[in-house]
Amino acid sequence: MRVFHLSAECYPVAKVGGLADVVGALPKYQNQAGHQAAVVMPYYDRKFVQENEFDTVFVSSTLLGTRRLFFEILKEKTDKLGFELYLVKIPGLIDRTEIYSYPDETEQFIAFQIAFLDWISYSQQSPDLIHCHDHHSGLVPFLLQHSRLYTRLAATPTVFTIHNGQYHGAFGWDKLSYLPEIDLSRTGLLDWAGAINPLACAVKCCWRYTTVSPTYLEELTINSNGLEFLFYLEKGKGTGILNGIDTAVWNPKTDPMLPAKFTINTFPKGKQANKEVLCTRFNLSTDKPLIAFIGRLVVEKGADLIATAMEESFNEHPGQFNFLVLGAGDKETEIELLQLRDFYSEQCNVFIGYDEALAHTIYAGADFLLMPSRVEPCGLNQLYSLRYGTLPMVRNTGGLHDTVIDFGDEGGYGIRYNHASVEDICMAVTRAITLYNNDKHFQALRKVIMALDFSWDRSAKEYITLYESLNPTI
Ligand code: ADP
Ligand code: GLC
C-alpha cells in the first residue's frame, strides 16, 4: 500500500514531543512489513535538513487568499530513515527554524496542506491512503472531498490520528479565503463553535479516526477542550491504537547516547553507571532513590503541581530521595522549579531546555520517572522508562492507564495514582522510597519492566488492518 503520512513533526528531522517519535517510527515499521509509507512535513531550517541532501522533485506556485506562494517539494536523497521523506518548502512562510508558535501559524499550516494536495494532484500521484496526524493536516480530508481542484483524489481514503485533542488549530471565519475553491454548501463541516476548527473538521470528514490509546478514545468524549459532543457523535468512526516505541532507537544495549549500555542481564551495574554520570553532573548523591521528570512543563502534564509536591515530599522525607527535572515550557513553572532547586540544592536539580541525549541518560540512570499528567493521550516517556528499567509513577489516565499497572495489583510493575494532585504525587513518592529500600523487590520489578514488549510491530499491523478495511482493492 502506498501511504502518505502528513505531520508537523518527525524524529529526527524536527521534534517537540511524542508526535515526532511516532511519525518517525510508524512508517518505518509499515515499510518493513512490505508497504510504501512516506512522510510529508513542512521544511524547517534545522540540523537534519542542513546536514542531509535533498532533491527538488516538484516546483509550483499556489494561492493563499490573494497571495501567490511559490513552493518546492524536496525529497531526502537516501531514504536513510527507513521511509521516503518529503519536505514542503515555501520561501518566506515555511522555511524557518521553529516548529510552532509563529504568529502566522494558521497560514503556515493551511499553505502546507494546499501545497501537498497540489503536488500529488498535479503530479498525478494516486496514494492508496492519506494518513493525517493532528490538526496541522486536519483540513486535508475536507479539501479532498469538497474542493473541485482535487476531485481526482476524492475517493482516496483518509485516516486521522489524534495525538492531542486539546489543540484544535481553530481560526476565524475571516480566514476562509485562505482555503482553495471549495463547495460553499459544505462549509458547516469546517465549523465548530463559530470558528473554522481543523481538528473538528478532520473528525467529521476523515474516513476513520484513531486515538493513540484505547482509553483516550473514551476520554475525548469527556474532555477534549469543547469537542466532547462531536467525539460522542462520531465515536463509531474511532479506534484506539496504542503507540509503540522504536526499539531500534530506544534500546539500552545499543543506544549511542548512553554513557553506559546495558541489557536485562547487566542492568544493575549498567543503570548504576548511568546514575553515577547523572549524579556527578547534577551534584546529587548516588545512594538515594533518584526520581526524575522529563517533558513539556505544561498544565496537561501536571507540571504546575511538581514544585509544591516535591517541597512537601522533601520535608516529609528529609534527605531520603533526589529529584531531577528536564523540561521547558510555562515560564511560571520553570521559575518555581528553579526556586525549588535553589532551596533544596543537595537533593534536587533542574535542567531547563531540550536535550535528547540527556533524556536518554535520565531514562537509563533514574530509578523512577514521575508523570502526574492531567491529560496523556498515550505518553511515550513511560514506555521508554520501562524499557530502560526505570519505574514509572503515573497518574491513571489515557495511555498511562493502558500501559502501567500498579505494583500492588496482580501482575503490576509501576506506581499508579488516581488524581493529578499534590497529595497523590506525595503518596507516590512515599511508595517509591519504600519500594527502593526493599532492594530485592525493586530489582525484581526492574527485570519485569525491561522485558515488557511495547514495540511497534503489533500497533503497526493494527494500522495496516485499518487501512485495508478502507481500501479493500489493495
Ligand atoms: P508529548 O508528546 O505530549 O510531549 P510524549 O510522552 O508522547 O509526550 O513524548 C515526549 C517525547 O519528547 C519523548 O521522546 C521525551 O523523551 C521527549 N522530551 C520531552 N521533553 C524533552 C526535553 N526537555 N528534552 C529532551 N526530550 C524531551
Ligand atoms: C501527544 C500526546 C502524547 C502522545 C504523543 C504521541 O503529544 O500528548 O501523550 O504520546 O502525542 O502520540
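This chain uses plain numbering: 1 for the first residue, then up along the sequence. Counting convention: from 1, in listed order, for ligands and their atoms alike. Just so it is clear, the model here is predicted, and its values are computed rather than measured.
Taking every non-hydrogen atom of Gly18 and a distance limit under 4.0 Å, the qualifying atoms of ligand 2 come out as 5 (C), 6 (C). Listed by number with element, the atoms of ligand 2 under 4.0 Å from a non-hydrogen atom of Val22 are 6 (C), 12 (O). Counting atoms of ligand 1 from 1 in the listed order, those under 4.0 Å from a heavy atom of Asp355 are 24 (N), 25 (C).
Proximity of Gly17 to ligand 2 is not established, as no heavy-atom distance is less than 4.0 Å. Not a single heavy atom of Phe351 sits under 4.0 Å from any atom of ligand 1. The shortest heavy-atom distance from Tyr363 to ligand 1 is under 4.0 Å. In this structure, Gln382 does not count as a contact residue of ligand 1, since none of its heavy atoms falls inside 4.0 Å of the ligand. Contact annotation: Gly327 has at least one heavy atom less than 4.0 Å from an atom of ligand 1.
Residue Asn418 is tested with Asp424, Thr397, Asn396 for a side-chain hydrogen bond (donor to acceptor under 3.5 Å, both in side chains); the sole match is Asn396. Residue His131 is tested with Phe4, Tyr467, Phe160 for a ring pair (Phe, Tyr, Trp, His ring centres under 6.0 Å); the sole match is Tyr467. Put simply, the residue from Trp456, Tyr11, Tyr384, Phe454 that forms a ring pair (Phe, Tyr, Trp, His ring centres under 6.0 Å) with Trp250 is Tyr384.
Scanning all protein heavy atoms for the shortest distance to atom 10 (O) of ligand 2 gives Gly379 N, 2.8 Å. Nearest protein heavy-atom neighbour of atom 27 (C) of ligand 1: Tyr354 CE1, 3.4 Å. Of all protein heavy atoms, the one closest to atom 23 (N) of ligand 1 is Gly353 O, 2.8 Å. Among protein heavy atoms, the minimum distance from atom 2 (C) of ligand 2 is reached at His163 O, 3.1 Å. For atom 4 (O) of ligand 1, the closest non-hydrogen atom of the protein is Arg296 NE, 2.8 Å. Protein heavy atom at the shortest distance from atom 10 (C) of ligand 1 is Asn381 OD1, 3.3 Å. Atom 5 (P) of ligand 1 has its closest protein heavy atom at Leu380 N, 3.6 Å. The protein non-hydrogen atom at the shortest distance from atom 20 (N) of ligand 1 is Gly295 CA, 3.4 Å.
Between Gly17 and ligand 1, no pair of N/O atoms sits closer than 3.5 Å. At under 3.5 Å, not a single nitrogen or oxygen of Gly379, backbone or side chain, sits near a nitrogen or oxygen of ligand 1. Considering both main-chain and side-chain atoms, Ala328 never comes within under 3.5 Å of ligand 1 through any nitrogen or oxygen pair. Inclusion of Lys301 in the set of residues having an N or O under 3.5 Å from an N or O of ligand 1 is warranted. Checked by distance only, ligand 1 and Asp21 come closer than 3.5 Å through their nitrogen or oxygen atoms.
The residues Glu336 and Arg341 are annotated as not salt-bridged, no charged nitrogen and carboxylate oxygen being separated by less than 4.0 angstrom. Taking the charged nitrogens against the carboxylate oxygens, Arg446 and Asp367 do have a contact shorter than 4.0 Å, which makes a salt bridge. A salt bridge between Arg96 and Asp104 is present, with a side-chain N of the basic residue lying under 4.0 Å from a carboxylate O of the acidic one.
Residue Val212 touches ligand 2 through its side chain alone, judged by heavy-atom distances below 4.0 Å. Residue contacts with ligand 2, taken as heavy atom pairs separated by less than 4.0 Å, do not involve Asp21 at all. Neither the backbone nor the side chain of His163 has any atom closer than 4.0 Å to an atom of ligand 1 (non-hydrogen atoms only).
When ring centroids are compared, Phe231 and Tyr209 come within the 6.0 Å threshold. Two rings, from Phe321 and Phe314, have their centers less than 6.0 Å apart.
Ring planes of Tyr232 and Phe229: parallel class, angle under 30° (limits at 30 and 60°).
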